[in-house]
2 protein chains.
Amino acid sequence: MEVLAEHKVHGGTLKYIRHDSAATGTPMRFSAFVPPGKGPFPVVIWLSGLTCTEDNFTTKAGAYAAAARLGLIVVAPDTSPRGDGVANDEAYDLGQGAGFYLDATQGPWAPHFQMETYVTRDLIGLIEAELPSSGRYGISGHSMGGHGALTLGLRHPKRFESMTAFSPIASPARCPWGEKALRAYLGDDHALWEEHDATYLLANGTVEEFEFDDILIDQGAADPFLEGQLKPDLLAEAAQFIGQPLTLRMHDGYDHSYFFIASFIEDHLEWHAKRLKR
Amino acid sequence: MEVLAEHKVHGGTLKYIRHDSAATGTPMRFSAFVPPGKGPFPVVIWLSGLTCTEDNFTTKAGAYAAAARLGLIVVAPDTSPRGDGVANDEAYDLGQGAGFYLDATQGPWAPHFQMETYVTRDLIGLIEAELPSSGRYGISGHSMGGHGALTLGLRHPKRFESMTAFSPIASPARCPWGEKALRAYLGDDHALWEEHDATYLLANGTVEEFEFDDILIDQGAADPFLEGQLKPDLLAEAAQFIGQPLTLRMHDGYDHSYFFIASFIEDHLEWHAKRLKR
């Protein structure tokens, strides 16, 4: 692993790191905030949305004052493999910057777009080896990264003990962003899409299997993508269907930007700290 | 004035605004955060550093939670006039993005680089006309913008009632960034440079004239520009020379980035609120 940059912030240390991922077969970048004081600390993994890199959350979310106070490591990876040898698409919602946190099975994506294995195996493996982690993990994210947080959380409930999301793509199998990406990465079989769709995962699962006492979703009511792409009501209905507690907060006037995330990130970190430290 | 974008953040409203400035003869951009609740509110003007636009502080400083709580309007203008008809230089430290908050007298800069008049007349005029301002102003900034905050504060003490800076270029007449810019914008007469140098302004003035009960300067001790460009000790010595209270805080391990600003911006906004609301 290579430390590309290091900054002191809110008494803790923020590092930008590059490392080689066996899953993606590429170098991958992430940022990692380590709070001040004596560890070990629980870890919150933050997954960003379409077009983002590891830098968006890191510079714009204003998360580290709360992370320092709460004693949380916060790790924000890039949203896809990148580079000249990596497949891409001219659209902003497919290819580099749009990995959708799953392992692609279709050409030309399969050789490098293995983001689920990257996050759950390679990234966490490096965190465990290199950072003062307590070994307890929460996951959160925004938009495509909200989808990633929910699907990775539901698919790996033994790994992630707390799960929140901002403005998630709640049912990608039933919205334009998701349909396009799931078809490209997984092929035409809708049953395979449902395995990477938080709403289907919830509806097809059981509360006992997931082990989340509650799930926090924040959504801006003035978000232009709310009705066409995000559809948190579908997720809430699926949770209700299986009896999974889920807290969906709709916020008047808030949009899809990092200004919305910055306004409520402290609540999310408190949510994770409460569960990862008990 | 044209509102280019508007976001709800921390319960308040952030607007990106474009307006025509008579001083610069160009359109100018700034961001303005208006806190929730009933005004009028005091105003803190934030001046950014070399290469910045109105967006850097706005997205990276994490200032609006505190501004909302304290009831402060926070306005962050661009750092220079811009556009095809505006003079520029290939270097990052001269021309567009490097206006140094003074009125240039030399070609090719004089026609548009009139940032002192822009900030103190046109920008404040628009704020007074369009935002719920109490008419009371504080000023702050970073690096070149710290220089701007200190020099505009000292040159317009009736306008600005509170003044703070992060990592300011404390004596531009005696550092490479400043010498280059002051020569380009003002010509070779060192006496003219001293009128736009916070250390000289302090040393040549009186406490009674400035009317600041105290001045807050935060500086990272791991800032790579500290010794060669910033030199806050010179400012502290000048303050001591005339008996002007000045609080210079050196912070171990912090660098020149917005992560440093984010770590201490709440202290600065509290500093301004205390003085602008009494």
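Below, each value reflects all heavy atoms present in this structure, side chains not excepted, and no hydrogens, waters or symmetry copies. Remember, it's a predicted structure, so these values are computed and weren't measured experimentally. Convention: sequence-line order gives letters A, B, ...; per-chain numbering from 1.
- A pairwise comparison of heavy atoms in Val9(B) and Phe259(A) identifies CG2-O, 3.5 Å as the closest pair.
- Heavy-atom proximity under 4.5 angstrom to chain B picks out nothing from residues 265-278 of chain A.
- Per-residue heavy-atom pair counts under 4.5 Å with chain A were compared for Ala68(B), Ala65(B), Ser257(B), Gly220(B), and the maximum is reached by Ser257(B).
- Heavy-atom distances place both the backbone and the side chain of Thr59(B) under 4.5 Å from chain A.
- When heavy atoms are compared at a cutoff of 4.5 Å, Ile261(B) does not approach chain A at all.
- When atom types are taken as modelled, the side chain of Lys8(A) and the backbone of Ser263(B) share no donor-acceptor pair closer than 3.5 angstrom.
- Most heavy-atom pairs under 4.5 Å with chain A: of the set Gly253(B), Ala61(B), Gly62(B), this distinction falls to Gly253(B).
- Taken from CZ in Phe264(A) to NE2 in His10(B), the straight-line distance is 8.5 Å, to the nearest 0.5 Å.
- Side-chain atoms of His7(B) do not come within 3.5 Å of backbone N or O of Tyr258(A) as any donor-acceptor pair.
- Residue Thr58(A) touches chain B through both its backbone and its side chain, counting heavy-atom pairs closer than 4.5 Å.
- Counting heavy-atom neighbours within 6.0 Å of Glu2(A) CD, excluding the residue itself, gives a total above 12.
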